[in-house]
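Provided herewith is a single structure, encoded as structure tokens, for subsequent inquiry.
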Amino acid sequence: MEQSFYDQVFELVRLIPKGRVSSYGAIAKSLGAGGSARMVGYAMSNAGAAHPPIPAHRVVNSSGLLTGKFHFKTPELMQELLEAEGIAVKNDKVQNFRTLLWDPLLEL
DNA sequence: TGGATGACGCAGG
DNA sequence: CCCTGCGCCATCC
């Protein structure tokens with residue numbers, strides 16, 4: 001059963017280590033779809049409905065901005081989840097993003 | 001089958 | 001640093 005891009009995204013996102021973050025672009029690229037970063041985000045809209053919960057809060061845009069926070073149950077939830085894992089967030093942006101970034105291509 | 005959609009990325013001002 | 005516009009492309013209806 002061919003797993004759609006969605007499913008591949010879900011599985012990869014679930015592999016993101018606690019206390020680390022990843023970006024839509026990095027995920028898309030690791031799946032061999034460099035230009036479809038938007039699809040990654042689009043896939044995440046299903047994250048809330050997906051069965052094994054997906055740590056979508058660990059996925060931010062290439063700048064470390066919490067662009068998808070409005071898709072959570074509450075806009076504050078995303079930041080709170082990140083801070084609960086030891087990730088500093090300021091002004092909707094992940095601090096030390098470059099350091100915390102988990103690139104599947106490099107670390108998997 | 002075709003066209004709209006979108007939790008992005010990058011370049012330019 | 002902030003904002004704007006354009007391109008990308010799998011999925012949905």
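Lettering follows sequence order; numbering is per chain, from 1. In this text, all values refer to a predicted model and were calculated from it rather than measured experimentally.
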- Task: For A:Ser30 and A:Leu105, indicate whether the former's side chain and the latter's backbone hold a donor-acceptor pair under 3.5 Å.
- Result: no
- So which heavy atom on A:Tyr24 is nearest to which on A:Gly68, and how close? OH-N, 4.3 Å
- Query: So what does A:Tyr6 hit on the nucleic acid, given a heavy-atom distance under 4.0 Å: a base, only sugar-phosphate, or nothing?
  - Reply: sugar-phosphate
Sub-3.5 Å pairs of nitrogen or oxygen atoms, protein against nucleotides 11-13 of chain B:
none

- Task: Identify the heavy atoms of A:Thr99 and A:Arg20 that sit nearest to each other, and give their distance.
- Result: O-NH2, 4.0 Å
- Message: Going by side chain to side chain contact (heavy atoms under 4.5 Å, CB included), A:Met78 matches just one of A:Glu83, A:Arg58, A:Lys69. Which one?
- Response: A:Lys69
- By nearest-nucleotide position on DNA chain C, the 5'-leaning member of A:Asn46 and A:Asn91 is A:Asn91
- Note on the structure: chain A reaches DNA chain C, atoms under 4.0 Å from its heavy atoms, from C:dG7 to C:dT11
- Message: Just to be sure I understand the geometry, which residues of residues 51-64 of chain A put a non-hydrogen atom under 4.0 Å away from DNA chain B?
- Response: A:Ala56, A:Asn61, A:Ser62
- Task: Would you kindly check whether a donor in the side chain of A:Tyr24 faces an acceptor in the base of B:dA7, or vice versa, at under 3.5 angstrom?
- Result: yes
- Query: Hey, does A:Phe5 reach any base, or is it just sugar-phosphate, or nothing, if we go heavy atoms under 4.0 Å?
  - Reply: sugar-phosphate
- Query: Roughly how far, to the nearest 0.5 Å, is the CG atom of A:Leu100 from the CD atom of A:Glu85?
  - Reply: 10.5 Å
- Message: With a 4.5 Å cut-off on side-chain heavy atoms, are A:Leu15 and A:Pro104 touching?
- Response: no
- Atom-pair distance (CG on A:Leu65; P on B:dC8), nearest Å: 10 Å
- Could you tell me whether the side chain of A:Met44 reaches within less than 4.5 Å of the side chain of A:Val9, counting heavy atoms only? yes
- Which heavy atom of A:Phe97 sits nearest a heavy atom of A:Asn61, and at what distance? CZ-O, 3.6 Å
- Residues A:His57, A:Glu80; criterion side chain to side chain donor-acceptor pair (under 3.5 Å); working and verdict: CA-CA 9 Å; A:His57 57 279; A:Glu80 292 180 358; over 6 Å; no
- If you find the nucleotide of DNA chain C closest to A:Arg38 and the one closest to A:Tyr42, which residue's nucleotide is nearer the 5' end? A:Arg38
- For A:Phe70 and B:dA7, give me the distance from atom CZ to atom C1', rounded to whole Å. 11 Å
- Message: Could you check whether any side-chain heavy atom of A:Val21 comes within less than 4.5 Å of a side-chain heavy atom of A:Val59, counting everything from C-beta outward?
- Response: no
- Query: Which whole-number value in Å describes the distance from A:Phe10 CZ to B:dA7 C1'?
  - Reply: 12 Å
- So do A:Phe5 and A:Tyr42 actually touch side chain to side chain, heavy atoms under 4.5 Å? no
- Return the value, rounded to whole Å, for the distance between atom CE of A:Met44 and atom P of B:dA7. 12 Å
